[in-house]
Amino acid sequence: MADTSLLADSAQVAGFDWSFFWHYLISPSGTFLEGLWRTVYISVVAQALGVLLGLVIALAQRSRFAALRWGGGAYVWLIRGTPLLVQLVLVYNGLAAAGVYRFTDVQVGGLVLLGVVQAAVLTLAVNEAAYMAEIIRAALDAIDRGQTEAAQALGMTPSLTMRVVLLPQALRIIVPPLGNEFNLMMKSTSLLSVIGLQEMFLTAQSINSATFKTFEIFLVAACYYLALTTVWSFVQRSIERRLADPGTTPPPGPSLRERLVGGRGGGPAPRGTAVVGKEPTLAGREAS
Amino acid sequence: MNDPHGPHDQPTTGYTGPTGPADPTAVLSARGMVKAFGGVRVLNGVSMDVRAREVVVVVGPSGSGKTTFLRCLNHLESIDEGEILVHGRRVGYKDGLDRLVEERPRAIAARRRNIGFVFQRFNLFPHLSALDNVAVAPVKVLGVPKAEAREQAQALLARVGLAHKASSRPSVLSGGQQQRVAIARALAMKPELMLFDEPTSALDPEMVGEVVTVMKELVEDGLTMIVVTHEMGFARSAADRLVMFDQGVILEEGTPEKLMTDPDHQRTRAFLRRIDGHG
Ligand SMILES: Nc1ncnc2c1ncn2[C@@H]1O[C@H](COP(=O)(O)OP(=O)(O)O)[C@@H](O)[C@H]1O
Ligand SMILES: [Mg+2]
């Protein structure tokens, strides 16, 4: 820590408070950590829901019913054609102002889930679904037509063909862009500050207004975003490695169902599930 | 598209195939199959009966409609006119108010269960082991218990000489091995009729033999098959009937012996002479 003070001395000249920076970087306050945690769990839950909803939209777009195809296309057009920031304000503030729907805190087994968190997760998931739908659709389109025909020739129904033949193969194509989406998602959560959700960015902002250490505190926030995306990139790489075709499977092999369910979310889904369980705990702390 | 004179510009010279209504006692009975792509008639009135344990080999120039014919038989393609019965039941269509209407996907899927199809390009499922490629349909489509299906799949792989490759993914198998797995996969559904679309034409020459050997064994086991192939060795030894396709119609048919030595049509003679050199 001796060199910290040395740095601090030279920093005084530049107007950069190094000791403040290091202090917040190394031992961030409880509120800052809570903001960080909120950033993480909202990203994970919204991404997981976005993948599931995106799958539904992608399937609708490939349906044999024109109405469903049209609906899926309209959804993607609408969501991708408007900024996330506007969507957030519309859903949280706009609906309430128009008297259509007001997100209120709900009790889940004695714990409180904040209205603003519900609005945030919902909007992010709905937004993400449009992008995931396009990714999933492109992945399904990339699979050789002969695969569908082979499945059909074996008497598989369209839904069975999808579950047993197409989705498992699409998964491998989906994972790399899904990783990018999750990276974007973590950074997009900073937009939630606009509806007053105390995630990492808004936390940094409140520390800023109390201390006026603008550069320092937002640099700390940047470092934490960078840490999140870096950790994720390692996770993503290991998932991709595990999905790579090994040529030979070990004799007992995971069942088709295990492969599909275990693989569906790649890494994020199981983590998402774990976080959903903890979510009310955190919301409860927020409320108290 | 609704040109009623379609057949007239074809080089037909009287062969019509089986006539009268479709025969519900045959394994396959097709009448007047017509299929057009974008107004071009690729099948122009094809009729055929195949009885139990019969082996029919279909030959004909590239583009004459052989693949389309097979694909229509299990409704991978719809037909524009005509009728297809497999074991007396329509494939792909049911009676509507005043005409036939296409069945729902679920009903079509059910009809395909006992029609095996072997593709030119194998189309194995790359994410599954050879064993799972064979076991997946019995488990998922027929609801066979997993252990039992795997046991049967292992036996089928042994039957095509690939017991030792059960855990291999298709990507590490040779073309000949892949096609044998594909045959085992089709057999796993215990089909009453097997359709082969040029099963050896995507293979390196040295792998053709292993696949033909497996197919000959199926013939000996009494499987009913329609085989599109230019392997004249197989046709000569295994086919009950040789069918010559030309421009969307059956130009002529008969025993392999008859077509190879004394065909009614010059085109048949010329064609068979040409492919036999390669086969
Ligand atoms: N899906 C399709 N769309 C348009 N034309 C097709 C399609 N499938 C086949 N054809 C055409 O139909 C004709 C017959 O094709 P095919 O049945 O594959 O013949 P073969 O198997 O005897 O070589 C060819 O001219 C081919 O180009
Ligand atoms: Mg062909």
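Values in this document were obtained by computation on a predicted structure and should not be read as measured data. Numbered from 1 within each chain, the chains take letters A, B, ... in sequence-line order.
- Atom CD of B:E148 is surrounded by more than 12 heavy atoms from other residues, nucleotides or ligands within 6.0 Å.
- With a 4.5 angstrom heavy-atom cutoff, A:L154 touches chain B via backbone and side-chain atoms both.
- A 6.0 Å sphere centred on CZ of B:R104 holds no more than 12 heavy atoms belonging to other residues, nucleotides or ligands.
- Counting non-hydrogen atoms of neighbouring residues, nucleotides and ligands closer than 6.0 angstrom, the NZ atom of B:K190 reaches no more than 12 such neighbours.
- For the pair B:H127 (side chain) and A:V164 (backbone), a donor-acceptor distance under 3.5 Å is present.
- Of all non-hydrogen atoms in B:L124 and A:Q147, the two that sit nearest each other are O-NE2, 2.7 Å.
- When heavy atoms are compared at a cutoff of 4.5 Å, B:L76 approaches chain A solely by way of its side chain, counted from C-beta outward.
- For B:R111, no part sits under 4.5 Å from any heavy atom of chain A, backbone or side chain.
- Heavy atoms only, all atoms of each residue included: A:Q152 and B:R112 are closest at O-CD, 3.0 Å.
- Minimum interatomic distance between A:A153 and B:N74 (heavy atoms only, all atoms of both residues): CB-ND2, 3.8 Å.
- With a threshold of 4.5 angstrom between heavy atoms, B:R121 does not approach chain A through any atom at all.
- Minimum heavy-atom separation, B:F125 to A:A150: CE2-CB, 4.0 Å.
- Note: A:L160 CG to B:K140 NZ = 7.0 Å, rounded to the nearest 0.5 Å.
- Distance check: A:M156 CE to B:R106 CZ gives 13.5 Å after rounding to the nearest 0.5 Å.
- Shown here for A:Q169 and B:P126, the closest heavy-atom pair between the two residues is OE1-CG, 3.3 Å.
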